[in-house]
Structures are given as C-alpha cells and as structure tokens.
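For reference, positions follow the sequence shown, starting with 1. Here the structure is a predicted model, which is why all the values come from computation and not from measurement.
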Amino acid sequence: MKKSLKPKALQPIAKLNFVSEIGELSLCANESGLSHLNIIPQSGDEWLSREVSDAAILTADDNLALDTANRHLLQARRELEEYFNGLRRQFEVKLAPNGTEFQRQVWQALSELDYGVSCSYAQIAERINRPKAVRAVGTANGANPIAIIVPCHRVIGKNGTLTGYAFGIMLKQKLLKLEGWNNF
C-alpha cells in the first residue's frame, strides 16, 4: 500500500547527512515524517539553494518529537541504502513535505508510480484530474523537496525522451537505469 503524504507539514527539527552511491545526501524530518531529501551539490552548482541550512532546523523542545524525527531519518537512510543496493522497490518511511495543496497532489501522484515505471507531465495532470495543468505539474515536480523517494526522476518527456532533472540529467539517467529503465 502506498503511503500518503501528510496534509500539513511542520518545519524540520532533525537533519542527517550521509554518503550514498550517488553522492552525499541530506535528509530532514519532523515528527510527522521526512520533509526533505536533497543531494548535496558540489560548490558552485545551482542546486545548492535546495539544501536546508542547519540554521533552518528548528530546535525541538519536545524530546519525543525529536526522537520521532530521528527515527524517520534513520528509516529513510536504511530504505535508501536498500534501494541503491537493489533490495527495495517501494519506500515506507512517512513523508511530510511542505507545499501547496496542488503540489502535494502532484507529489502524491508521483509517489504512486511503480518502481521502474515512467510517465509524462501530462499523465500526472490526468491522474490528479487537472488535464490542462501540465505546466503547473512540471513546476510542482521541479519543486519536489523529497528527491528519489518521491520519484520525480521517473517523469520523462511525452515523446519518451529524458527531460530535465533538478540534480542533472546524468543522475536522472543513473536512477532510471538502477530501476531497470534503459530506453535512453
């Protein structure tokens, strides 16, 4: 069963960085779930602005909330390691991205895509019953704060070609190849 995104997200209160097969990942969470997954760019990369600074992490007065957030981080790390090793096709960690209702609808539709399956922006627009919102779907896809787990890398062009990816087309290609998609 696919996990649904929490309707209202809180600010992140815990952060965990670790090195993965694709580079350094930065995870942030609150007591509701994982709120961010970013791939740490090299200095000078334009996606540096996606990184949640340590100053943006709220200090939790509630130890239970902090413990819960840290459990979400550890679960996400374990699941990502399993994914990169070919042992996981579906993520189970709770998600709590902060976004508009429309963005959360798009991210939910992305989360429901099966492993190794690609789709277009138009198909996502159809899934959320907003067939004319193709460009808005593209914008929401680009604003996805939880890379990989909310699989925006699975969105390709309507004609089957690879389209842009916030972390670069080469990483998108690598993630798709990991999932068995070789139509490049």
Side-chain angles (χ1 to χ4, degrees), residues 2-3 5 12 15-29 33-53 72-97 99 103-104 106-125 127 134-135 137-184:
K2 303 282 183 181
K3 295 282 184 186
L5 303 181
K15 184 175 179 178
L16 171 69
N17 288 9
F18 72 99
V19 177
S20 76
E21 288 77 354
I22 62 166
E24 188 174 359
L25 299 182
S26 174
L27 307 174
C28 295
L34 191 69
S35 60
H36 296 81
L37 189 165
N38 189 30
I39 300 152
I40 304 280
Q42 302 302 312
S43 62
D45 283 343
E46 64 187 58
W47 2 298
L48 188 56
S49 63
R50 289 171 118 7
E51 176 57 9
V52 178
S53 72
H72 294 311
L73 293 175
L74 294 175
Q75 180 182 355
R77 178 181 180 163
R78 179 181 46 80
E79 290 182 9
L80 285 161
E81 288 170 343
E82 291 169 355
Y83 168 81
F84 291 128
N85 288 314
L87 303 173
R88 176 171 292 277
R89 292 176 170 241
Q90 184 175 322
F91 293 95
E92 297 172 8
V93 65
K94 290 181 180 177
L95 304 178
Q103 288 173 323
R104 287 192 312 270
V106 170
W107 301 334
Q108 181 66 46
L110 290 170
S111 296
E112 293 170 359
L113 288 175
D114 289 330
Y115 181 93
V117 173
S118 60
C119 70
S120 67
Y121 294 131
Q123 289 169 311
I124 293 292
R127 281 183 185 220
V134 176
R135 287 186 186 202
V137 165
T139 300
N141 189 62
N144 172 19
I146 305 177
I148 304 168
I149 293 175
V150 175
C152 54
H153 63 277
R154 294 180 187 155
V155 178
I156 61 170
K158 196 173 187 178
N159 62 0
T161 59
L162 291 185
T163 56
Y165 184 55
F167 303 105
I169 207 79
M170 292 190 63
L171 181 55
K172 179 176 190 157
Q173 194 171 30
K174 186 174 186 174
L175 292 169
L176 289 170
K177 189 173 183 177
L178 172 73
E179 296 181 9
W181 200 85
N182 292 306
N183 299 345
F184 339 104

Query raised in the report: Using 4.0 Å as the upper bound for N to carboxylate O, is an ion pair formed by Glu112 and Arg127?
Result: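 Answer for the salt bridge query: no.
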Give the minimum heavy-atom separation between [X] and [Y], together with the two atoms involved.
| X | Y | value |
| --- | --- | --- |
| Ala122 | Val134 | CA-CG2, 3.9 Å |
| Pro145 | Ser35 | CB-O, 3.8 Å |
| Ala76 | Leu27 | CB-CD1, 4.0 Å |
| Leu110 | Pro151 | O-CG, 3.2 Å |
| Ala29 | His72 | CB-CB, 4.0 Å |
| Val150 | Ser111 | CG2-OG, 3.7 Å |

Quick one: does [X]'s side chain get under 4.5 Å of [Y]'s, heavy atoms only?
| X | Y | result |
| --- | --- | --- |
| Glu92 | Gln75 | yes |
| Tyr121 | Lys158 | no |
| Ile148 | Phe167 | no |
| Leu175 | Tyr165 | yes |
| Val155 | Gln123 | no |
| Leu176 | His153 | yes |

Straight-line distance of [X] [atom1] to [Y] [atom2], nearest 0.5 Å:
| X | Y | atom1 | atom2 | value |
| --- | --- | --- | --- | --- |
| Arg104 | Asn144 | CZ | CG | 13.5 Å |
| Lys177 | Gln173 | NZ | CD | 7.5 Å |
| Gln108 | Leu113 | CD | CG | 10.5 Å |
| Glu24 | Asn38 | CD | CG | 10.0 Å |
| Leu37 | Ile149 | CG | CD1 | 5.0 Å |

Query raised in the report: Parallel, tilted or perpendicular: which describes the rings of Tyr83 and Phe91, with under 30° parallel and over 60° perpendicular?
Result: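 Ring orientation, 0 to 90° scale: tilted.
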Could you tell me whether the side chain of [X] and the main chain of [Y] form a donor-acceptor pair under 3.5 Å?
| X | Y | value |
| --- | --- | --- |
| Trp107 | Ala143 | no |
| Ser26 | Ile40 | no |
| Asn85 | Leu87 | no |

Query raised in the report: Applying the salt bridge (charged side-chain N to carboxylate O under 4.0 Å, His left out) test to Glu82, which of Arg77, Arg89, Arg88 qualifies?
Result: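 Exactly one option meets the salt bridge (charged side-chain N to carboxylate O under 4.0 Å, His left out) with Glu82, and it is Arg88.
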**Report entry** side chain to side chain contact (heavy atoms under 4.5 Å, CB included) between Ser20 and Leu80, intermediate numbers included
**Finding:** CA-CA 8 Å; Ser20 76; Leu80 285 161; over 6 Å; no
Requested in this report: Verify side chain to side chain contact (heavy atoms under 4.5 Å, CB included) between Ile124 and Asn141, making sure each step is shown before the conclusion.
Outcome: CA-CA 10 Å; Ile124 293 292; Asn141 189 62; over 6 Å; no
